[in-house]
Amino acid sequence: MILHELLNYEVLRVIWWLVLGVVLVGFAVTDGFDLGTGTLLPFVAKTDTERRVVINTVGPVWEGNQVWLILAGGAIFAAWPQLYAVSFSGFYLAMFAILFALILRPVGFKFRSKVEDSRWRNTWDWMLFIGGFVPSLVFGVAMGNVLQGVPFRIEPDMQIHYEGSFWALFNPFALLAGVLSVLMLTCHGATWLQLKTEGPVQQRVRQWGIACAIGSAVLFALLGLYLAKGVEGYRITSDVVVNGPSNPLYKTVVADGGAWFANYAAAPVLWLVPALGILGFVLAALMLAARREILALLASGVGIAGIILSVGVSMFPFILPSSSNLAASLTVWDSSSSHMTLFIMLVVTLIFLPIVLAYTSWVYAVMRGKVRNEDVDSDKGHAIY
């Protein structure tokens with residue numbers, strides 16, 4: 001009871017905002033290299049043996065990594081129900097495209113090597129490419145739309161109505177954000193493959209990784225300028241009630257061209273977050289060139305974390321702004337579950353998340369080492385596909 005009283009509604013809302021950021025970063029850093037590996041598969045592996053090597057680098061871990069996506073959906077549903085309602089209804093077709101592409105991954109892994117026919121295997125290799133490329137692109141497009149605001153409104157009885165269309169999601173800024181997502185996850189996949197492969201495959205992924213790392217750093221900086229000059233942010237003009245009821249309609253919001261940079265102006269130390277996004281990928285390119293395998297993987301992970309967290313820092317306290325009904329914009333302070341719900345979930349998370357992390361670390365420790373041609377040729381070692 002003492003802990004429940006210390007963790008008041010305001011604190012719990014901020015904690016779960018942070019948890020959401022951690023979960024999104026966890027998904028991007030872990031499942032991100034799986035998606036990047038799938039995107040690179042047709043381009044860095046030329047022979048059937050090489051492609052089996054690439055597939056088997058992620059074969060033992062991809063299912064566990066994808067759990068972070070399920071965890072993210074569950075966390076949004078439980079902690080931010082209105083965010084879940086808007087995003088999973090408004091982005092329904094985009095979510096369906098992601099799920100369809102993700103379904104191709106396990107099917108491709110399981111069926112690719114069942115038939116010894118080059119056309120069969122090449123077809124499934126391109127299916128695995130789609131399973132990596134499409135989610136990477138659409139996740140970035142979704143983030144780009146969140147920064148611009150999503151067209152939805154909320155009625156006084158809390159009914160939520162999405163007023164946009166599927167194709168409107170693919171506007172220039174959102175598409176550039178999608179390209180950035182593809183570049184950074186492909187770079188992450190390249191750093192993973194450099195760690196797990198050797199020979200010609202390793203040489204090819206190094207070249208792809210360096211190019212994608214440089215592209216990620218440059219495009220992220222350019223999108224920051226685009227955000228400052230061409231995208232309106234949102235700002236609360238009424239009194240902010242941090243521990244009030246979850247009703248977004250109790251506030252007043254205006255669109256402001258410089259709003260997404262107001263937090264950086266108020267606390268300049270926050271510039272370290274986007275700086276990590278650029279610096280991480282610059283270091284990833286350098287570490288790839290220097291063949292420092294583990295450092296390259298860590299640097300690309302830092303770059304991904306910096307880019308994702310910079311979005312949260314820029315938007316706080318907004319979680320999902322509305323472009324058609326500004327007052328309906330969802331914020332940390334007015335779109336969460338109840339105080340008791342947030343508290344119970346936090347206790348459960350503190351108990352089970354360390355167990356999940358410990359088990360995941362154990363799996364990576366057991367499956368450490370490179371996947372070699374002789375492993376897949378003899379179906380031993382790390383080779384399972």
Side-chain angles (χ1 to χ4, degrees), residues 29-66 101-102 104-133 135-136 182 185-213 284 287-298 300-301 363-385:
V29 171
T30 55
D31 203 42
F33 67 71
D34 297 342
L35 298 176
T37 296
T39 303
L40 287 169
L41 175 62
F43 308 107
V44 300
K46 303 302 182 183
T47 67
D48 183 66
T49 297
E50 289 179 349
R51 292 189 175 187
R52 288 192 66 200
V53 166
V54 170
I55 290 171
N56 277 281
T57 63
V58 297
V61 297
W62 74 269
E63 289 178 290
N65 294 340
Q66 195 163 288
L102 290 177
L104 292 176
R105 291 205 299 175
V107 178
F109 286 146
K110 296 296 183 182
F111 284 93
R112 180 195 181 277
S113 296
K114 297 297 183 182
V115 179
E116 293 187 7
D117 179 79
S118 59
R119 290 175 299 179
W120 170 271
R121 294 188 174 187
N122 287 337
T123 298
W124 284 114
D125 289 339
W126 283 104
M127 294 299 101
L128 290 173
F129 165 79
I130 293 173
F133 176 81
S136 301
V182 171
L185 296 185
T186 302
C187 172
H188 201 45
T191 61
W192 171 257
L193 287 174
Q194 180 177 244
L195 177 66
K196 299 291 290 184
T197 63
E198 58 185 14
V201 173
Q202 189 184 57
Q203 295 174 8
R204 297 185 196 113
V205 299
R206 185 178 300 118
Q207 296 171 354
W208 276 90
I210 292 172
C212 289
M287 294 301 102
L288 281 164
R291 295 173 172 79
R292 304 296 296 272
E293 299 170 356
I294 295 178
L295 290 178
L297 181 64
L298 293 175
S300 65
V363 170
Y364 278 97
V366 171
M367 302 308 299
R368 66 185 180 276
K370 293 184 180 294
V371 180
R372 297 178 171 84
N373 289 354
E374 54 266 29
D375 294 329
V376 299
D377 287 337
S378 59
D379 288 327
K380 67 178 183 179
H382 294 297
I384 57 176
Y385 297 118

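These figures come from a predicted structure and were not determined experimentally.
How far OG of Ser300 is from CG of Leu288: 7.5 Å, rounded to the nearest 0.5 Å. A distance of 11.0 Å separates CG in Asn122 from CE in Met127, rounded to the nearest 0.5 Å. Of the inter-residue distances, the one linking Asn56 atom CG with Met367 atom CE reads 8.5 Å to the nearest 0.5 angstrom. Between the CD atom of Gln203 and the CD atom of Gln194 there is a distance of 10.5 Å, given to the nearest 0.5 Å. Distance check: Leu193 CG to Thr37 OG1 gives 4.0 Å after rounding to the nearest 0.5 Å.
Applying the side-chain hydrogen bond (donor to acceptor under 3.5 Å, both in side chains) test to Arg105 and every residue at least two apart in sequence or in another chain returns Asp31, Gln66. Legend: residues meeting side-chain hydrogen bond (donor to acceptor under 3.5 Å, both in side chains) with Glu198, ordered by chain and number and at least two apart, are Arg372. For Glu63, there are no salt bridge (Lys or Arg N to Asp or Glu O under 4.0 Å) partners at least two apart in sequence or on another chain. Under the rule for a side chain to side chain contact (heavy atoms under 4.5 Å, CB included), Thr123 has no partner lying at least two apart in sequence or in another chain. With sequence neighbours excluded, the residues forming a salt bridge (Lys or Arg N to Asp or Glu O under 4.0 Å) with Arg112 are Asp48, Asp125, listed by chain and number. A search for side chain to side chain contact (heavy atoms under 4.5 Å, CB included) contacts involving Tyr364 returns Phe33, Val61, Asn65, Trp192, Thr360, not counting sequence neighbours. Checked against side-chain hydrogen bond (donor to acceptor under 3.5 Å, both in side chains), Ser136 has no partners two or more places apart in sequence or in another chain. Considering only residues two or more places apart in sequence or on other chains, Phe133 meets the ring-ring contact (aromatic ring centres under 6.0 Å, His included) condition with Phe129. With sequence neighbours left out, the salt bridge (Lys or Arg N to Asp or Glu O under 4.0 Å) criterion links Asp34 to no other residue. Under the side chain to side chain contact (heavy atoms under 4.5 Å, CB included) criterion, Trp120 pairs with Phe111, Val115, Asp117, Trp124, sequence neighbours left out. Legend: residues meeting side chain to side chain contact (heavy atoms under 4.5 Å, CB included) with Pro200, ordered by chain and number and at least two apart, are Glu50, Arg204.
Judged by distance alone, the side chain of Arg368 and the main-chain N or O of Ala365 form a donor-acceptor pair under 3.5 Å. Of the possible polar contacts, none joining the His188 side chain to the Gly36 backbone as a donor-acceptor pair under 3.5 Å is found.
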- Message: side-chain contact (heavy atoms from CB on, under 4.5 Å) for Leu185 and Thr39? Distances and angles first, verdict last.
- Response: CA-CA 9 Å; Leu185 296 185; Thr39 303; over 6 Å; no
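Counting non-hydrogen atoms of other residues, nucleotides and ligands closer than 6.0 Å to NZ of Lys46 gives a total above 12.
Shown here for Gly209 and Cys187, the closest heavy-atom pair between the two residues is O-SG, 3.8 Å. In terms of heavy-atom proximity, Val54 sits nearest to Ala45 at CG2-CB, 3.9 Å. Taking both residues in full, the closest heavy atoms of Val182 and Thr186 are given as O-OG1, 2.6 Å, listed atom of the first, atom of the second, then distance. Taking both residues in full, the closest heavy atoms of Leu102 and Pro135 are given as CD2-CG, 3.8 Å, listed atom of the first, atom of the second, then distance.
In this structure the side chain of Val53 never reaches within 4.5 angstrom of the side chain of Val201, judged on heavy atoms.
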Using a 3.5 Å cut-off and no angle test, enumerate the donor-acceptor pairs between side-chain atoms of residues 289-297 and protein atoms at least two apart in sequence or in another chain.
unit_1 : atom_1 : unit_2 : atom_2 : d
Glu293 : OE1    : Lys370 : NZ     : 3.4
Glu293 : OE2    : Gln202 : NE2    : 3.0
Glu293 : OE2    : Lys370 : NZ     : 3.2

